[in-house]
Amino acid sequence: MLDKKVTELLNVQVNKEFYSAYLYLDFANYFHEIGLDGFANWYDVQAQEERDHAMLMRTYLHNNGEKVTFDAIDRPDIALENPMDPLKAALNHEQYVTSLINGIYKAANDVNDFRTMQFLDWFVKEQGEEEKNAEDLIRKYELFGSDPKGLYALNQELQSRVYAAPSLVI
């Protein structure tokens, strides 16, 4: 059995990861609506990743004999007025998720829960990648987004992103 606080934080995180998927689907919808299908694809793939993060945490809780609780998923309420809005919101969101993962890691460390810390090591690394990807997308949009040919090329690049399921053993 896991520590009560660690279990609670992991359960909250399951729900936060599902919210992340919902948020990124909202961003994908926005990009579909404005005709940037490559950007939409990028966020569709991102949503799949977030869903799998939730499922990995759910499985970890089950494998440790803990109950999983689901809360209602809030509706994303970010005003999207231009293509930079979802890009910046995604970076802010990933930084927030990083802080949540770090909080769970600290709680596990405080009770010498080395198994959970080892499980979370993958998520700590993943969050570094998530933040870098979000920063890179902002940087690329700043460089190429105002030029129609550059925006077209960036959109095509993002269209080629495919989903790859995580290879975390839990």
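Every heavy atom of this structure was used, including side-chain atoms; hydrogens, water molecules and symmetry mates were not. Quick caveat: nothing in here was measured; it's all calculated off a predicted structure.
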Can you measure from CZ (Phe144) to CG (Leu151) and round to the nearest 0.5 angstrom?
11.0 Å
CG (Asp44) and NE2 (His32) are apart, to the nearest 0.5 Å, by 4.5 Å
Are Lys125 and Asp121 within salt-bridge range, i.e. N to O under 4.0 Å?
no
Does some side-chain heavy atom of Arg58 sit less than 4.5 Å from a side-chain heavy atom of His53?
no
How about Tyr105 and Thr116: does a side-chain donor come under 3.5 Å of a side-chain acceptor?
no
Would a hydrophobic clustering, with Ile, Leu, Val, Met, Phe, Trp and Tyr connected at side-chain separations under 4.5 Å, put Leu143 with Tyr152?
no
Going by an N to O cut-off under 4.0 Å, is there a salt bridge joining Glu142 and Lys88?
no
Hydrophobic cluster identity match, Val68 and Tyr22, side-chain contacts under 4.5 Å
yes
Please assess Glu135 against Leu91 for the test side chain to side chain contact (heavy atoms under 4.5 Å, CB included), listing each intermediate value before the final yes or no.
CA-CA 7 Å; Glu135 289 168 350; Leu91 175 59; 3.7 Å; yes
Intermediate values then yes/no, side chain to side chain contact (heavy atoms under 4.5 Å, CB included), Phe18 and Arg51:
CA-CA 6 Å; Phe18 280 127; Arg51 179 201 166 271; 4.0 Å; yes
Please enumerate all residues that pass ring-ring contact (aromatic ring centres under 6.0 Å, His included) together with Tyr43, with sequence neighbours excluded.
Tyr24, Phe27, Phe31
To the nearest 0.5 Å, atom CG of Leu56 lies from atom CD of Gln13 at 12.0 Å
Please confirm whether the backbone N or O of Asn15 pairs with a side-chain atom of Asp71, one donor and one acceptor, at under 3.5 Å?
no
Is Phe70 linked to Leu10 within one hydrophobic cluster, defined over Ile, Leu, Val, Met, Phe, Trp and Tyr using a side-chain heavy-atom separation of less than 4.5 Å?
yes
Could you tell me whether the side chain of Arg161 reaches within less than 4.5 Å of the side chain of Asn41, counting heavy atoms only?
yes
Any salt bridge between Lys140 and Asp136, counting N to O under 4.0 Å?
no
Would Glu66 and His62 satisfy side chain to side chain contact (heavy atoms under 4.5 Å, CB included), going step by step from the backbone distance to the final call?
CA-CA 5 Å; Glu66 298 297 342; His62 283 165; over 6 Å; no
Can you tell me how far apart CG (Asn155) and OH (Tyr141) are? Round to the nearest 0.5 Å.
10.5 Å
Is any side-chain heavy atom of Pro86 less than 4.5 Å from a side-chain heavy atom of Phe39?
no
In Å and rounded to the nearest 0.5 Å, what is the CD1 to NZ distance from Ile73 to Lys16?
11.5 Å
Start with the C-alpha gap between Glu94 and Lys132, add the side-chain angles, then the distance that decides, and say whether side chain to side chain contact (heavy atoms under 4.5 Å, CB included) holds.
CA-CA 10 Å; Glu94 290 300 340; Lys132 183 181 183 321; over 6 Å; no
When you check the side-chain N and O atoms of His93 and Ser20, is any donor under 3.5 Å from an acceptor?
yes
Decide yes or no for Glu17 and Met55: does some side-chain heavy atom of the first lie under 4.5 Å from some side-chain heavy atom of the second?
no
At what distance, to the nearest 0.5 angstrom, does OG1 of Thr7 lie from CG of Asp113?
8.5 Å
Among Asp110, Asn102, Asn109, which residue meets the side-chain hydrogen bond (donor to acceptor under 3.5 Å, both in side chains) test with Lys106?
Asp110
Under the 3.5 angstrom rule, does the side chain of Asp3 hit a backbone N or O of Val6 as a donor-acceptor pair?
yes
Using atom types as modelled and distance alone, determine if a side-chain donor or acceptor of Asn11 lies under 3.5 Å from a backbone N or O of Thr69.
yes
Donor-acceptor under 3.5 Å (Gln159 side chain, Gly38 main chain):
yes
Going by atom types alone, do Gln127 and Gln95 pair a side-chain donor with an acceptor below 3.5 Å?
no
Kindly work out whether a path of hydrophobic side-chain contacts (I/L/V/M/F/W/Y, heavy atoms less than 4.5 Å apart) joins Phe123 to Phe114.
yes
Check Asn92, Leu23, Asp85 against Ile78 for a side chain to side chain contact (heavy atoms under 4.5 Å, CB included) and give me the one that passes.
Leu23
Is there a path of hydrophobic side-chain contacts, each under 4.5 Å between heavy atoms of I, L, V, M, F, W or Y residues, that connects Leu137 with Ile34?
yes
How are the rings of Phe119 and Tyr60 set relative to one another: parallel (under 30°), tilted (30 to 60°) or perpendicular (over 60°)?
parallel
